[in-house]
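Read the numbers this way: they start at 1 and go in the same order the structure lists the ligands and their atoms.
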Amino acid sequence: MSGIQKATFPVYINTLIAFSQTIHNKLAHNPLLLLAAAVVTATIVSVLLLYTMPAAPKTTTIPNEHKKPLEFIEDVTTNAGEVQNSVLSEILKQNSKTEYLHRHGLNGAGDDIASFKKFMPMVKYEDLQPDILRIANGDKSPILCSLPISEFLTSSGTSGGERKLMPTIDDELDRRSLLYSLLMPVMNQYVPGLDKGKGMYLLFVKSEARTPGGLVARPVLTSYYKSRHFIERPFDPYNVYTSPNEAILCSDSYQSMYAQLLCGLLENSLVLRVGAVFASGFIRAIHFLEKNWPRLSHDILTGTLDAEITDSAVREAVMKVLKPNPSLASFIETECRKESWQGIILRLWPNTKYVDVIVTGAMSQYIPTLDFYSGGLPLACTMYASSECYFGLNLNPMRKPSEVSYTLIPTMGYFEFLPVNHRNNSNDETLDHHDLVDLVDVKLGQEYELVVTTYAGLYRYRVGDVLRVAGFKNKAPQFNFVRRKNVALSIDSDKTDEVELHAAVKNAVNHLEPFGATLFEYTSYANTTTIPGHYVLYWELRLGSRAIPPSVFEDCCLAIEESLNSVYRQGRTADGSIGPLELKIVEDGTFDKLMDYALSQGASINQYKAPRCVKSEPVVQLLDAKVLSNYFSPKCPKWVPGHKQWLKDN
Ligand code: AMP
């Protein structure tokens with residue numbers, strides 16, 4: 001079923017209802033005909049409903065190469081408890097000589113699982129930071145892990161404004177590759193025939209740095225794309241990409257994007273699925289296409305590659321597929337010139353069956369934009385992973401985004417769950433490691449924070465993700481991703497919490513002092529209607545005697561950006577994934593109106609506090625209706641790869 005058909009089903013159903021009402025009126029005098037018409041209508045409705053029901057696997061023959069991965073999933077989910085115990089036992093055995101385990105009373109004496117359960121505390125990044133810094137500074141002794149730390153994976157979660165550093169070992173690449181290898185066997189059950197075409201995936205590497213001790217520090221996907229597991233992957237007809245490796249590995253994001261889109265357009269009729277890791281990245285690619293299609297189609301017309309693509313490896317790889325194709329160029333031009341870009345994905349890549357992007361969690365804010373550009377194609381969220389550990393996959397990838405659940409694969413790490421209190425929507429501060437629940441003991445409908453123990457040396461590490469148990473695959477629970485804790489604003493992979501935002505606003509407000517103005521109240525909003533999205537701050541001021549020139553408000557915007565974490569500043573500066581921060585000055589009394597609105601919606605007057613971040617459409621509309629003036633950050637904030645500390649040290 002194509003996405004367009006799916007999107008128009010409600011229209012069919014309405015038409016059908018209208019049709020059956022007409023028939024009913026016309027045939028009311030003839031009971032036999034009426035009955036026949038009712039049966040026909042009911043049959044058509046059932047067929048339509050069958051189509052619109054959550055997708056169930058189609059009964060296709062399973063290709064031989066997919067049988068083993070599917071059996072693996074059956075096996076590890078059926079024996080989830082046993083597999084988890086042996087994972088924990090392996091991790092503790094492998095790392096029994098580490099300083100960390102000794103510090104916590106585990107010495108490889110044979111009763112380590114019992115001691116682990118009893119004594120091992122839950123930790124956050126800050127608790128591990130001293131150990132991690134020792135490793136980063138070159139201490140090669142077995143601190144967290146007995147095997148050598150091969151590199152650090154830099155998380156998009158930050159601590160003290162810098163990316164968290166997650167230790168990893170070579171073996172982890174095998175585990176990650178294993179999870180990737182399960183994706184297609186699962187997908188093929190729902191969308192068969194993907195071996196008959198290609199995937200247009202827009203994948204990018206990011207910059208890397210070295211720690212003072214010489215270890216590479218880079219994002220997990222950069223590490224994966226640069227590994228032999230990715231570069232030297234054997235040919236698999238189900239996983240043929242339009243993007244050449246050279247284009248994916250090009251560190252210049254402009255050249256990389258240009259080359260990947262060009263190659264995707266050149267093979268447009270072969271493309272059966274399109275995607276990127278996160279929804280924000282995919283939308284950025286569409287925006288890039290909007291700006292650059294004349295040059296792309298010119299290259300296709302002439303068979304020559306734009307001079308701005310200077311990376312020789314990229315040029316060579318693209319030239320292998322670039323041949324003059326005037327009819328394709330004219331087709332692209334005709335489609336791209338049309339006033340509306342609604343459905344552009346399906347128009348340019350007409351055989352696409354789905355868009356493979358993560359739209360759960362913070363990325364759900366992009367669903368309407370994706371629906372618009374894709375023409376209602378299914379959005380497939382296939383995987384749930386992090387720098388700390390790859391967790392699991394979606395065994396029913398054609399499900400609607402709101403129904404997506406991820407099955408944690410029990411071999412990936414040892415997973416435990418800290419219950420989240422429904423009343424205050426966070427963990428009870430009194431909970432500790434004794435309250436942790438094992439993977440196979442979680443309860444349907446309950447929310448938990450994920451706590452992970454990894455082969456690379458994290459023990460009872462709080463990931464910060466809140467998950468809800470949505471069901472079970474055999475004994476293994478399946479989780480909805482509910483939210484990441486403490487994230488107020490997010491556009492791309494940036495995660496800004498309220499404390500950080502508050503500190504940034506405080507720094508900016510200093511610029512108002514010379515004018516005698518003070519900040520009365522503020523809130524913020526992640527505006528994803530622009531491409532790229534951007535942070536918006538609403539300020540209600542108490543003005544002094546001197547007028548504030550616009551340049552001062554612009555300085556405030558920049559001061560906020562300079563104070564935000566390194567992932568935000570990288571997104572603004574190097575990746576172009578976040579637009580300039582916007583400051584909106586609102587009328588006096590706006591925040592009183594905001595309070596009135598909250599009270600009208602049932603908030604308690606005694607407990608009311610102005611929210612530091614707003615999401616709901618009516619609230620944003622209320623604020624926007626009160627805007628007196630607005631200002632944008634005049635330039636990008638400063639950002640350099642690596643931690644501030646290392647730069648000072650070097
Ligand atoms: P990072 O540490 O930068 O690798 O980011 C990992 C985090 O991204 C996870 O802990 C989640 O908060 C988020 N994430 C990863 N996969 C998904 C997903 N499928 N749905 C929602 N959020 C996700």
Given Asp465, which partner from the list Arg484, Lys495, Arg483 fulfils the salt bridge (Lys or Arg N to Asp or Glu O under 4.0 Å) test?
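Answer after filtering Arg484, Lys495, Arg483: Arg484.
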Return the closest protein heavy atom for [atom] as residue, atom name and distance.
atom                    : answer
atom 1 (P) of ligand 1  : Ser387 OG, 3.4 Å
atom 12 (O) of ligand 1 : Asp465 OD1, 2.7 Å
atom 20 (N) of ligand 1 : Thr360 OG1, 2.6 Å
atom 17 (C) of ligand 1 : Tyr384 CD1, 3.6 Å
atom 14 (N) of ligand 1 : Ala385 O, 4.1 Å

Hey, is ligand 1 close enough to [X] that some N/O pair sits below 3.5 Å?
X      : result
Tyr406 : yes
Lys495 : no
Ser386 : no
Met383 : yes
Thr154 : no

Determine, counting only non-hydrogen atoms of the protein, whether one lies under 4.0 angstrom from atom 9 (C) of ligand 1.
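Yes.
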Are Glu561 and Arg572 ion-paired here, with the side-chain N under 4.0 Å from a carboxylate O?
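A salt bridge links Glu561 with Arg572.
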Output yes when Glu208 and Lys226 qualify as a salt bridge under the 4.0 Å nitrogen-oxygen rule, no when they do not.
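A salt bridge links Glu208 with Lys226.
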Can you figure out which of Ile358, Val482, Leu393, Asp494 has its heavy atom closest to atom 18 (C) of ligand 1?
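Ranked by closest heavy atom to atom 18 (C) of ligand 1, first place is Ile358.
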In ligand 1, which numbered atoms sit nearer than 4.0 Å to a non-hydrogen atom of [X]?
X      : result
Ser155 : 2 (O), 3 (O)
Arg484 : 7 (C), 9 (C), 10 (O), 12 (O)
Ser156 : 1 (P), 2 (O), 3 (O), 5 (O)

Donor-acceptor pair, Thr222 side chain versus Arg218 backbone, under 3.5 Å?
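No; judged by distance alone, with no hydrogens or angles, the pair does not exist.
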Which word best sums up how the rings of Tyr254 and Phe288 line up, parallel for under 30°, tilted for 30 to 60°, or perpendicular for over 60°?
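Geometry flag for Phe288 against Tyr254: tilted rings.
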